[in-house]
There are 2 protein chains.
Amino acid sequence: MNAYERLTEYGIKPSVQRMAIMEYLMTHFTHPTADEVYMALCDTIPTLSKTTVYNTLKLFVDQQAALMLTIDEKNVHFDGDTSLHSHFLCRKCGRVHDLPYSGKKREARELMIEGHAVEEIHHYYKGICKECSEAENEN
Amino acid sequence: MNAYERLTEYGIKPSVQRMAIMEYLMTHFTHPTADEVYMALCDTIPTLSKTTVYNTLKLFVDQQAALMLTIDEKNVHFDGDTSLHSHFLCRKCGRVHDLPYSGKKREARELMIEGHAVEEIHHYYKGICKECSEAENEN
DNA sequence: ATTAAAATTGTAATCATTACAAACTTGAAG
DNA sequence: CTTCAAGTTTGTAATGATTACAATTTTAAT
């Protein structure tokens, strides 16, 4: 599936900017911030505005074509993979890694928890990632 | 346990400001923002500075005497209850509710997940809370 | 009392995000 | 083709939470 199909599938009218941003999300699994998306695309689309990046990412999230991660208190991160999975934030390198969802499968299907209507599940883990731990042990 | 004991237990030297802020966290289960803590205390401690509230809450979190919740992209919230539990953010009223931790108990004790050293677990749920759903159904 | 370290304060800066209005595109209708 | 309105993009300016920093105050030991 390409970016064009992905957008139309989620009811988003495609445009050059929207396709470029969706394309970026679909090919990079780095959970970028809005600024990182902007920086990556502003060379190929010189007229791109940061406002457009913010607006577009917000649109994707509203249409559920992307996830907004609040794992990091400094910046919001975005994820083009909307399947149920968890995230790990490394305190050292700041990267966000994917983890399999380890909650009870039943819970993920539940619409209600303790009387509250659940629409989104976010499982975040923080610590030192594998790569940073290994780099440290090398001395 | 009072605020004084709680602070010393976590290796934090008590002061009027620190005790007031810890006392507030220990008696309010609203997961306040730094600003809410400041607003609640600035009447009784008229000289209180917002910087002190930010510094003190950060100190509590560093000493693991409080949790920093990044469930809301607008504001960081704080929680004086450091036991393992989950949180629910209501999209309507904006309140953060406590939920029991529903992950596998085994996982909570694991230090490693997929090679990453886990130091913090945050399980966040978002949707419409019980109170807001009921209020809506009354018409 | 003295004094150095620690804590608090107020102001100013930072910086991610949003508001807003102008400019541009698009696509349908004539 | 034009025209026009709706939707999209853009740049600039504002917002608002958080932090930096330097000055002041407090603490606790000598």
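Naming: A, B, ... by sequence-line order, numbering from 1 per chain. Please read all numbers here as calculations on a predicted model, not as lab measurements. The basis for the numbers below is simple: all heavy atoms, side chains too, and nothing from hydrogens, waters or symmetry mates.
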Just checking A:Thr33: base, sugar-phosphate only, or nothing, at a heavy-atom cut-off of under 4.0 Å? nothing
Tell me whether A:Lys92 is salt-bridged to A:Glu131, with the criterion being a basic N under 4.0 Å from an acidic carboxylate O. no
Smallest heavy-atom separation, A:Ile12 atom then A:Ala65 atom, equals CD1-CB, 4.0 Å
Report which part of the nucleic acid B:Thr52 touches: base, sugar-phosphate, or nothing (heavy-atom distance under 4.0 Å, all strands). base
Here's a test of your reading of the structure: between B:Thr47 and A:Val76, which maps to the more 5' nucleotide of DNA chain C? B:Thr47
Hey, which sits more toward the 5' end of DNA chain D by its nearest nucleotide, B:Val16 or B:Asn75? B:Asn75
Is a donor on one side and an acceptor on the other found under 3.5 Å between the side chain of B:Ser133 and the backbone of B:Cys129? yes
Using the six-membered ring wherever Trp is involved, compare the ring planes of A:His85 and A:His31 and label them parallel, tilted or perpendicular (cut-offs 30° and 60°). tilted
Rounded to whole Å, how long is the line connecting atom CD1 of A:Ile21 with atom P of D:dT10? 9 Å
Quick one: which of D:dT18, C:dT9, D:dT12 gets closest to the side chain of A:Thr51? D:dT12
Calculate the interatomic distance between B:Tyr38 atom OH and D:dT18 atom C1'; express it in whole Å. 15 Å
Over how many whole Å does the gap from B:Met68 atom CE to D:dT18 atom P extend? 8 Å
If I take atom CD in residue B:Gln17 and atom P in nucleotide C:dT9, what distance separates them, rounded to the nearest angstrom? 4 Å
Give a yes or no on whether a donor-acceptor pair under 3.5 Å exists between the nucleobase atoms of D:dT26, that is its base, and the side chain of B:Ser15. no
Could you check how far CG of A:Leu48 sits from P of C:dC24, rounded to whole Å? 17 Å
Do B:Phe29 and B:Leu67 belong together in a cluster built from hydrophobic side chains that touch within less than 4.5 Å? no
Between A:Asn55 (CG) and C:dA22 (P), how many Å, whole number? 17 Å
Listed nucleotide nearest any side-chain atom of B:Tyr54, set D:dA28, D:dT8, D:dT19: D:dT19
Between P of C:dT8 and CG of B:Leu57, the distance in whole Å: 12 Å
Could you state the CD1-C1' distance from B:Ile45 to C:dA7, rounded to the nearest angstrom? 13 Å
Would you classify B:Glu73 as touching base, sugar-phosphate or nothing, given that sugar-phosphate means primed atoms plus P, OP1 and OP2, and contacts are heavy atoms under 4.0 Å? nothing
Nucleotide of D:dT9, C:dT8, D:dT18 approaching A:Lys74 most closely (side-chain heavy atoms): D:dT18
